[in-house]
Protein chains: 2
Amino acid sequence: MEERVKQIKQQLSSHSYKLTPQREATVRVLLENEQDHLSAEDVYLLVKDKSPEIGLATVYRTLELLSDLSIIHKLNFGDGVTRYEFRAADADHHHHHLYCLHCGTVDEITDDWLGAIEKRVEKEFDFQIIDHRLTFHGICYRCKGQVKDPKKLVGSKVT
Amino acid sequence: MEERVKQIKQQLSSHSYKLTPQREATVRVLLENEQDHLSAEDVYLLVKDKSPEIGLATVYRTLELLSDLSIIHKLNFGDGVTRYEFRAADADHHHHHLYCLHCGTVDEITDDWLGAIEKRVEKEFDFQIIDHRLTFHGICYRCKGQVKDPKKLVGSKVT
DNA sequence: TTACAAATTGATAATTTTTATCATTTAATT
DNA sequence: AATTAAATGATAAAAATTATCAATTTGTAA
């Protein structure tokens, strides 16, 4: 934890940004909730618990900054809100997500399963891949059995 | 074209919805621009050219309806706008997209390349897949050579 | 330490996209 | 022709994000 905060501090200062108290509070909230995919509002509320004086705009600015530096990733599961996730230290790609259409939970696949497909894309489409987004929509193991007609969930749900 | 309009009319009426002139105009715009990925605003403006009396809310309502019936798909490439694409008559899955970080163009891969991976997800994660979203972010063949430092494009760009 | 310039913040206004409301119009049915 | 439900258009409202700007904080240099 402290280790990672320090590392982020360095990443910031290497681009001449400071790790202000507000930014640090935001980073810590993100680290403490690494499993979740928090929206800006979520982050704001959690940060506010500890540092009530922080403003919403600052949280947005911090998330944007961290995203610019590729310290976090922006995600969009189509519910109208941008979500943020810590970018694994080692991973240079976006990992894959399992989005449950029943309960809304998002699980992760941290391995990159797209290697072969990406090669094919680069060759067949002459497309230089920088990153990817892969999300499966369906029913998670927790909700299995609770859903009668999965097809019904497809419709307008989620982009 | 006429064939497809008629087919959509039937899909609507089978759910007791009518193909009103406004809905038909919207459907035709979507069909005429099938290669593009239009936002609601885009559709609205194109429909307005032909039928100036149509309201924005009606366009939104129509897109939502078509999406509910899985006649079109909602897409989100992270630019803050929901986009719509005609759903291929045969495809029961979302097809894949190539999103160019340089020019913003979205190309399509209509085949489903995820079969093997989906089997693995279902087995390893006990996740019942209903649909998927796969988008590659990178440089398209048109922009190849025009981009010096692709890594620079990664940052905050797109969710 | 004090002074200064630049970076950052908080409050809030403004924007943007989408949804809700509601009176009016249209369409189908009796 | 009368009646009911569906659909529409105009517009208000909501939700998320971005922009503005004065005030504060920070790091640096005298």
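Just so we're on the same page: letters track the sequence lines, and every chain starts at 1.
Set against C:dT18, D:dT17, D:dG9, the side chain of B:T58 has D:dG9 as its closest nucleotide. Residue A:Y17 has its side chain nearest to C:dT8 when only C:dT8, C:dT19, D:dT8 are considered. For B:E53, the listed nucleotide lying nearest its side chain is D:dG9; candidates were C:dT9, D:dT8, D:dG9. The A:T20 side chain lies nearest to C:dT8 when the options are C:dT8, D:dT17, D:dT11.
As a whole-Å value, the separation of A:I54 CD1 from D:dT25 C1' is 14 Å. In this structure, NZ of A:K74 is placed 15 Å from P of D:dA16, rounded to the nearest angstrom. The interatomic distance linking B:Q22 (CD) with C:dT26 (P) rounds to 9 Å, in whole Å. Look at CG on B:L56: it is 9 Å from P on C:dT18, rounded to the nearest Å. Taking atom NZ on A:K18 and atom P on C:dA7, their separation rounds to 7 Å, with Å as the unit. Remark: P of D:dA7 and NE2 of B:H15 are 13 Å apart, rounded to the nearest angstrom. In this structure, the OH atom of A:Y44 is 13 Å from the C1' atom of C:dT9, given to the nearest Å. Atom-to-atom, CZ of A:R23 to P of C:dT9 comes out at 4 Å; the value is rounded to the nearest Å.
Between A:P21 and B:T62, the residue whose closest nucleotide on DNA chain D is further toward the 5' end is B:T62.
Under 4.0 Å is where a charged nitrogen must lie from a carboxylate oxygen, and between A:E2 and A:K6 no such pair does.
No more than 12 heavy-atom neighbours from other residues, nucleotides or ligands sit within 6.0 angstrom of CD on A:E3. Applying the 6.0 Å contact sphere to NZ of A:K50 captures more than 12 heavy atoms from other residues, nucleotides or ligands.
Using a 4.0 Å cut-off, some side-chain N or O of A:Y60 falls inside it from OP1 or OP2 of D:dT17.
Between A:H94 and B:H137, the ring centre distance reaches or exceeds 6.0 Å.
B:R61 comes within 4.0 angstrom of a base, heavy atoms only.
Checked by atom type, the side-chain pair A:T26/A:R23 shows no donor-acceptor distance below 3.5 Å.
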